[in-house]
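Below is one structure; the comments refer to it alone.
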Amino acid sequence: MLKKIKNKIKKLIKGDENNVRIKWSLYGRVWREIGKPQWKWLLAGIIATIGASAAEAYTITLVQQVVDKAFIQKSMQYIYFFGLQIIAAFGFKGVFNYAKSLIMSKAGLIASATLQKRIYNHVVNMNISKFYGDGIGKTLNYFGVQASAVLTLVTGTIVSTIQQIATLTMTLALMVYYAPQMCAVLLFLVPAIMVPMVLIMRKRRKLSRESFGIANDVSQHLNQTLHGIKTIQAFATEDKETEKFSRVLESSMINAYKGTQAFALQSPLLELMISIGLCLALIIGGHFIVTGAITTGDFTAFLLALTAAYKPARSITSTNGTIQHGLLAAEILFDFLDSKPDIQNAPDAKELKTDKMSVKFNHVSFAYIPEEPVLKDINLQVPSGKVCALVGPSGGGKTTMFNLIERFYDPQKGKVEINNTDIKKYTLHSLRQNIAEVSQDVFLFNGTIEENIRYGAPDATAEQVEAAARAANAHDFIMSFPKKYKSKVGEGGALLSGGQKQRIAIARAILKDAPILLLDEATSALDTQSEKLIQAALKDLMKGRTTFVIAHRLSTILDADIICVIKDGHIIEQGTDAELVALDGEYKKLRDIQFKDKKANTNKSK
């Protein structure tokens with residue numbers, strides 16, 4: 001029996017092993033990285049809070065003097081004097097609280113901007129695999145849920161807690177000063193208050209940890225819905241998605257209600273203890289007054305101090321849950337900020353500076369998922385200024401080769417080289433600055449047409465922007481808009497057609513003027529007439545540039561210097577159009593099918 005009790009006490013002290021406790025080092029890190037840069041503002045805020053607490057405590061001492069010197073002695077002079085002091089004390093308290101609010105608001109705004117800049121910088125430098133693997137909803141929560149909780153902890157909760165502790169300390173000091181005998185009797189209430197509060201705190205800590213995971217689920221589902229609203233409506237799955245979201249919200253509601261249950265217990269328990277304390281204070285105080293151990297004024301001041309201690313004590317117990325919530329948020333946020341991208345500059349990385357660039361795949365193998373290779377021992381050399389076309393069935397690994405050239409991923413085996421040097425030895429910035437890409441999935445920023453074309457060359461003039469648009473056959477439709485190049489494209493280019501978006505993307509690549517060009521079905525969204533014009537523009541653009549083209553329409557790549565047929569992660573055929581036709585293999589089969597279909601369609605139209 002004694003052993004069971006002993007084990008329960010140990011568990012109470014240590015807490016639940018499944019509910020991981022916050023490391024003490026986390027407190028220090030929150031201060032160093034978020035609080036310390038704002039230490040001047042925080043110090044000023046703390047001084048203001050202590051001033052407000054001191055003013056409140058001073059009013060209690062005035063009440064003691066009013067009772068003993070004014071009421072007992074029946075002196076109106078003292079009443080007037082102490083009355084004015086009470087007004088002054090509350091006035092100072094108001095001034096200090098107002099100053100604290102302004103100071104902490106300033107500190108919070110500065111800290112918020114600094115923290116969110118840091119998070120944003122980390123996000124834009126994340127690995128592509130981690131960004132999409134974790135989900136955009138989770139990433140957005142770092143800016144909202146976690147950052148907000150951490151900032152509230154530093155600029156709001158901690159300063160507020162200091163104020164409550166200062167007030168509680170001063171009121172307890174007054175209680176000891178005016179009636180030390182009564183304080184000694186009431187000491188037994190301390191463990192009666194602390195034990196249930198500790199249990200409630202641990203319960204809330206566990207619920208806080210769960211709440212962050214649920215918040216991620218909510219954000220992720222909302223993000224998917226907003227980005228996929230067209231697909232949802234096209235498949236008529238509105239009810240199904242609503243049901244899924246309802247389940248996520250139900251989990252959030254259950255977690256929040258459990259948190260409310262734990263939080264709601266704190267005030268009743270504390271009020272019960274305070275009421276017991278008041279009852280005992282009245283009984284014991286009456287005895288001490290009768291025996292002359294304390295004066296009526298001392299007893300009145302003691303009661304006021306005791307009741308005044310209730311508010312900060314309740315706030316401290318309530319605030320503890322907020323502190324735990326903030327520290328858990330800090331733990332999650334710091335784990336994210338501490339994560340290092342797998343793709344980063346080598347210590348001795350150098351700038352890639354040259355106009356002529358050859359590209360080589362040297363025994364490259366790659367897999368997104370271990371044991372499921374997408375590329376298998378790829379060997380390919382494309383001399384500077386040559387055009388290499390990648391053709392073959394979908395899923396063969398063509399787009400993955402583009403990802404490796406831009407070093408969004410690193411191969412598990414082999415290496416990708418530019419000018420016979422492993423691209424890992426170049427800085428990421430200089431590598432990507434020398435590559436321009438136009439993909440079939442065009443992304444445009446929610447700005448103007450001009451801003452999107454100029455994105456890869458921010459210093460380009462208006463004349464250069466227009467020249468790039470003309471070369472991409474985009475100028476005419478741009479001029480048809482009321483605001484022309486200043487026209488907004490909408491979220492992701494939603495205000496433009498697919499063909500218009502692709503021509504803007506081509507203009508962007510033309511203006512960037514990079515030595516390496518990657519075209520992933522760059523004309524897939526264009527009509528026949530526009531495609532011919534764009535093909536002519538692209539042919540001029542390719543001159544002198546090392547170009548890779550992914551194409552399913554073989555008619556667009558017949559003049560390529562090198563054509564690679566990629567199937568199941570292997571290059572199964574390689575050569576010019578004439579060489580591959582003579583080989584009479586996979587390429588010729590694809591070519592015959594497409595040109596046969598094209599000829600049949602031509603005859604049918606006649």
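This one's a predicted model, so the numbers in the text were calculated from it and none came from an experiment.
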Does [X] have more than 12 heavy atoms from other residues, nucleotides or ligands lying within 6.0 Å of its [atom1]?
X	atom1	answer
Lys424	NZ	yes
Trp39	CH2	no
Tyr368	OH	yes
Phe334	CZ	yes

Tell me whether [X] contacts the main-chain N or O of [Y] through its side chain, where contact means a donor paired with an acceptor under 3.5 Å.
X	Y	answer
Glu521	Ser439	no
Tyr426	Ile418	yes
Gln433	Ala514	no
Gln412	Ala367	yes
Arg503	Ala474	no
Thr546	Gly385	yes
Asp568	Gly396	no
Gln500	Ser497	yes
Asn419	Ser358	yes
Thr448	Ser487	no

Tabulate below the donor-acceptor pairs under 3.5 Å that side-chain atoms of residues 101-117 make, not counting sequence neighbours, or state none.
unit_1	atom_1	unit_2	atom_2	d
Ser101	OG	Asn97	O	3.1
Thr114	OG1	Ile110	O	2.9
Gln116	NE2	Phe143	O	3.2

Any side-chain heavy atom of [X] within less than 4.5 Å of one from [Y]?
X	Y	answer
Arg508	Arg454	no
Pro383	Ile562	yes
Lys360	Val382	no
Leu380	Cys564	yes
Leu390	Phe402	yes
Lys415	Val364	no
Leu519	Ile550	no
Phe445	Glu451	no

Identified side chain to side chain contact (heavy atoms under 4.5 Å, CB included) partner of Lys501 from the options Val442, Ile506, Asn452: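 Among Val442, Ile506, Asn452, the one that satisfies the side chain to side chain contact (heavy atoms under 4.5 Å, CB included) with Lys501 is Val442.
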Applying side chain to side chain contact (heavy atoms under 4.5 Å, CB included) between Ile423 and each of Val416, Val359, Leu428, report the one that passes. Val416
Salt bridge flag under 4.0 Å for residues Arg29 and Asp338: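 Yes, this pair counts.
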Is Glu450 salt-bridged to Lys486, cutoff N-O under 4.0 Å?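 Here Glu450 pairs with Lys486 in a salt bridge, since their nearest N and O are under 4.0 Å apart.
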Side chains of Thr400 and Tyr409: do they bring a donor and an acceptor to under 3.5 Å?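 Result is no, nothing qualifies.
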For side-chain contact (heavy atoms from CB on, under 4.5 Å), just list the numbers for Ile343 and Asp410, CA-CA rounded to whole Å, side-chain angles, deciding distance to a tenth of an Å, and then say yes or no. CA-CA 7 Å; Ile343 310 295; Asp410 281 337; 3.2 Å; yes
Testing the basics here: between [X] and [Y], what is the closest heavy-atom pair and its distance to 0.1 Å?
X	Y	value
Leu352	Ser430	N-OG, 3.0 Å
Ile566	Lys398	CD1-CG, 4.0 Å
Arg407	Gln344	NH1-O, 3.3 Å
Asn446	Gly490	OD1-C, 3.4 Å
Gly397	Leu375	O-CD2, 3.5 Å
His122	Phe336	NE2-O, 2.9 Å

Run Met357 and Asn434 through side-chain contact (heavy atoms from CB on, under 4.5 Å) and show every step you take. CA-CA 9 Å; Met357 299 185 185; Asn434 284 282; 3.2 Å; yes
Please lay out, stage by stage, how Ile378 and Met401 fare under the test side-chain contact (heavy atoms from CB on, under 4.5 Å). CA-CA 9 Å; Ile378 296 292; Met401 291 177 69; 4.1 Å; yes
Pairs satisfying side chain to side chain donor-acceptor pair (under 3.5 Å), at least one member in residues 372-381, at least two apart: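 The answer is His363-Asp377, His363-Asn379.
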Would His552 and Val391 satisfy side-chain contact (heavy atoms from CB on, under 4.5 Å), going step by step from the backbone distance to the final call? CA-CA 6 Å; His552 288 103; Val391 301; over 6 Å; no
